[in-house]
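Encoded as structure tokens, the structure appears first; notes follow it.
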Amino acid sequence: MTDETVAFDVENGIAWVRFNRPDKRNCMNPTLNRRMMEVLDELEYRADVGVLVLSGEGSAWSAGMDLKEYFRETEAKGLGAVRKAQSEAYGWWRRLRWYGKPTIAMVNGWCFGGGYGPLFACDLAFAADEAQFALSEINWGILPGGGATKVVVDLLSMRDAMYHALTGELIDGRKAAAWKLVNESLPLAELKARVTEVANILLKKNPIALKATKDAIRRVGEMTYDNAEDYLVRAQEAANSHDNEGRKEGIRQFIDEKSYKPGLGAYDK
Ligand code: ACO
């Protein structure tokens, strides 16, 4: 299904969602931000969706916020319009950070500034070697807001984060992988096949366990060890209440049936 600003297809358990303003290098205007929230909403609990992949049409992943429509035109309407536009953008990024299904950013091209919000929101990220990333805010006279500063501080070393934000210099996919901004980088021609491979690994796992695990990874980072221990006990018990049979079946197939080894792969759902 396609509309003006966001396109998506669902195929073999994978929702392929695409920023769809290629003529504008997929920069995020308020229309796209509102539409993306609707698309995420529509896909989150669909039974035929197990993994969501976010990529961009054309040469860009996303050229960040739309300087004309998101900044200049909303600022001209006053503070209320600015806050509304911010909450629409931050809203779908937050929805994506805590999405019910695992998510993968497939960074096919340009990725700037505000694009780091959805990049970080995706659980995993794979980039084309040819992709280009920058915190270009400094180049037009603002600080990296909308969470972009937080993203680089969380993911990069302090020195790399500082250099990246102060210079606004481009880095390619390889460097983004070396800096841990993305998991891996590979030639654009191989990107979709690799992302499909990873998505298929995830599709074999217990979906309740996937959601509990991705939330745990994001949550425990800011907890003490003791708080994390306590949170994880409770999170597992909550997961058990949604999925009583899954992990019992996982144990049964290993111990009784001897049909798989958990150290080597997932049980048969
Ligand atoms: N905001 C508004 N319009 C944009 C943006 C943007 N972020 N990015 C691209 N566009 C528009 C251009 O104005 C142009 O519009 P036009 O066809 O009506 O003239 C069209 O998209 C194509 O852009 P070009 O610059 O012609 O494309 P090119 O491939 O030569 O360059 C590049 C691509 C490098 C991405 C360039 O468009 C660019 O620098 N964009 C801005 C990137 C950026 O700094 N984003 C803001 C980050 S900070 C933040 O998000 C808070």
Side-chain angles (χ1 to χ4, degrees), residues 3-7 18-37 54-79 81-97 105-122 125 127-156 160-176 179 181-182 185 188 191:
D3 103 320
E4 267 177 41
T5 55
V6 179
R18 299 178 296 283
F19 294 107
N20 190 34
R21 301 181 73 211
D23 294 349
K24 298 289 181 186
R25 304 302 179 260
N26 298 325
C27 64
M28 291 174 269
N29 65 355
T31 309
L32 181 147
N33 290 327
R34 285 192 289 272
R35 180 64 191 145
M36 193 64 90
M37 183 64 112
L54 181 59
S55 68
E57 286 288 349
S59 62
W61 193 70
S62 172
M65 308 320 292
D66 187 318
L67 269 54
K68 177 169 168 284
E69 294 186 40
Y70 178 83
F71 284 106
R72 191 167 66 188
E73 291 176 5
T74 53
E75 281 166 17
K77 291 180 194 155
L79 185 61
V82 170
R83 291 284 180 262
K84 181 169 184 290
Q86 287 168 337
S87 71
E88 286 166 350
Y90 303 170
W92 78 260
W93 304 345
R94 188 178 310 116
R95 181 75 177 266
L96 196 58
R97 282 201 302 283
M106 184 169 87
V107 186
N108 51 296
W110 302 110
C111 179
F112 285 101
Y116 284 37
L119 176 68
F120 179 73
C122 289
D129 293 342
E130 298 90 332
Q132 297 279 341
F133 298 76
L135 285 183
S136 54
E137 285 87 340
I138 199 73
N139 291 339
W140 61 282
I142 68 165
L143 61 76
T149 296
K150 176 68 175 157
V151 171
V152 292
V153 167
D154 275 8
L155 297 183
L156 313 186
D160 289 338
M162 192 67 89
Y163 188 89
H164 200 49
L166 287 180
T167 66
E169 275 178 19
L170 290 164
I171 60 169
D172 65 12
R174 282 197 200 89
K175 193 158 200 175
W179 280 7
L181 188 58
V182 298
S185 149
L188 180 59
L191 183 62

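Computed from a predicted model, the values in this text were never measured in an experiment. Below, each value reflects all heavy atoms present in this structure, side chains not excepted, and no hydrogens, waters or symmetry copies. Just so you know, residue 1 is the first one in the sequence shown, and it goes up from there. One-based numbering, in listed order, for ligands and for the atoms of each.
Partners of Gln86 according to the side-chain hydrogen bond (donor to acceptor under 3.5 Å, both in side chains) rule, which considers only residues two or more places apart in sequence or in another chain, are Arg83. For Trp110, the side-chain hydrogen bond (donor to acceptor under 3.5 Å, both in side chains) test picks out no residue, with sequence neighbours left out. Residues satisfying the side-chain hydrogen bond (donor to acceptor under 3.5 Å, both in side chains) criterion with Tyr90, sequence neighbours excluded, are absent altogether.
Looking only at atom types and distance, the side chain of Trp61 has no donor-acceptor partner in the side chain of Asn26 under 3.5 Å away.
No salt bridge links Glu4 with Arg35; every basic N to acidic carboxylate O contact stays at or beyond 4.0 Å.
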Does the pair Phe71 and Trp140 meet the rule for a side-chain contact (heavy atoms from CB on, under 4.5 Å), with working shown? CA-CA 12 Å; Phe71 284 106; Trp140 61 282; 3.6 Å; yes

Do any nitrogen or oxygen atoms of ligand 1 lie under 3.5 Å from a protein nitrogen or oxygen, and which ones?
unit_1	atom_1	unit_2	atom_2	d
ligand 1	1 (N)	Leu67	N	2.9
ligand 1	7 (N)	Ala63	O	3.0
ligand 1	7 (N)	Met65	O	2.9
ligand 1	15 (O)	Lys24	NZ	3.4
ligand 1	18 (O)	Lys24	NZ	2.6
ligand 1	21 (O)	Asp23	O	3.3
ligand 1	27 (O)	Arg25	NE	3.2
ligand 1	27 (O)	Arg25	NH2	3.2
ligand 1	29 (O)	Arg25	NE	2.9
ligand 1	29 (O)	Arg25	NH2	3.2
ligand 1	44 (O)	Ser136	OG	2.5
ligand 1	45 (N)	Ala63	O	2.8
ligand 1	50 (O)	Met65	N	2.8
ligand 1	50 (O)	Gly114	N	2.9

